[in-house]
Amino acid sequence: GAVVSQHPSRVICKSGTSVKIECRSLDFQATTMFWYRQFPKQSLMLMATSNEGSKATYEQGVEKDKFLINHASLTLSTLTVTSAHPEDSSFYICSARAQGENSNQPQHFGDGTRLSIL
Amino acid sequence: EDQVTQSPEALRLQEGESSSLNCSYTVSGLRGLFWYRQDPGKGPEFLFTLYSAGEEKEKERLKATLTKKESFLHITAPKPEDSATYLCAAPEGGSEKLVFGKGTKLTVNP
């Protein structure tokens, strides 16, 4: 149980393009979803936390107009990288927490999206 | 500031050569210490949660232990398929945010 699906797994696009990444909880309802960014040989860095039906909470230094997050249902959150540039190239990973779970319990992670901006 | 520090950064073992990975933490009011395995190009896969000093959890060749300042992931008689990056993480004090260590990249040679 607790499967999180992330799509696409890899995307390559030109500078200036906007890219949407989907994160779905397949077998549970996710009240909270998290978006992370990971650079090579670095740790996961939290970008934002989204609760279903509410505006996302962004971490310090993360541009909310650059990284648009929507969590419109209990099974889907999306991250849109607007007007992407080469410095936005990274590995983006989502995770989810089920209804009834709290921060004392592990998050369930998707398989990540490798974004490459040319 | 809450921190999670893992060592070593990388570890190479021969198949069957047991060893331990370290995760030291400075988190106020620890509410759980999580171990994950991450394969290249994949998201983290949950392994264990430890909640209190003295607690131990086991799964196949892996055993995780917790003290008041650190956690260890012991790997007994590892196999090449155990090669991965192992991450530990803990909830930041007073928030939902998970603080991750940088991970230990384990390579097990046949």
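A note on names: the letters A, B, ... follow the listed sequences, proteins ahead of strands, and every chain is numbered from 1. Just so you know, these numbers use all the heavy atoms, side chains as well, and skip hydrogens, waters and symmetry mates.
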Joint cluster assignment, B:V108 & B:Y86, ILVMFWY side-chain distance < 4.5 Å: yes
Criterion salt bridge (Lys or Arg N to Asp or Glu O under 4.0 Å) on A:D88 and A:K66, from CA distance to verdict: CA-CA 10 Å; A:D88 299 321; A:K66 175 76 170 176; 2.8 Å; yes
Partner chain B: residue of A:R10, A:R114, A:M45, A:Q38 with the largest heavy-atom pair count (under 4.5 Å): A:Q38
Side chain / backbone / both / neither for A:Q107 at chain B, heavy atoms under 4.5 Å: both
Contact class of B:Y36 relative to chain A, heavy atoms under 4.5 angstrom: side chain
Beyond-backbone contact of B:T85 with B:T104, side-chain heavy atoms, under 4.5 angstrom: no
A:L44 portion near chain B, given a 4.5 angstrom heavy-atom threshold: both
Which portion of B:Q38 sits near chain A, non-hydrogen atoms under 4.5 angstrom: side chain
When B:P91, B:G32, B:P44 are compared by non-hydrogen pairs under 4.5 Å with chain A, the top option: B:P44
Within one Ile-Leu-Val-Met-Phe-Trp-Tyr cluster: B:L73 and B:L106, side-chain cutoff 4.5 Å: yes
Heavy-atom check, side chain of A:L46 versus side chain of B:F100, under 4.5 Å: no
Interchain contact, A:R97 with chain B, by part (heavy-atom threshold 4.5 Å): side chain
Partners meeting side-chain hydrogen bond (donor to acceptor under 3.5 Å, both in side chains) with A:D111 (sequence neighbours left out): none
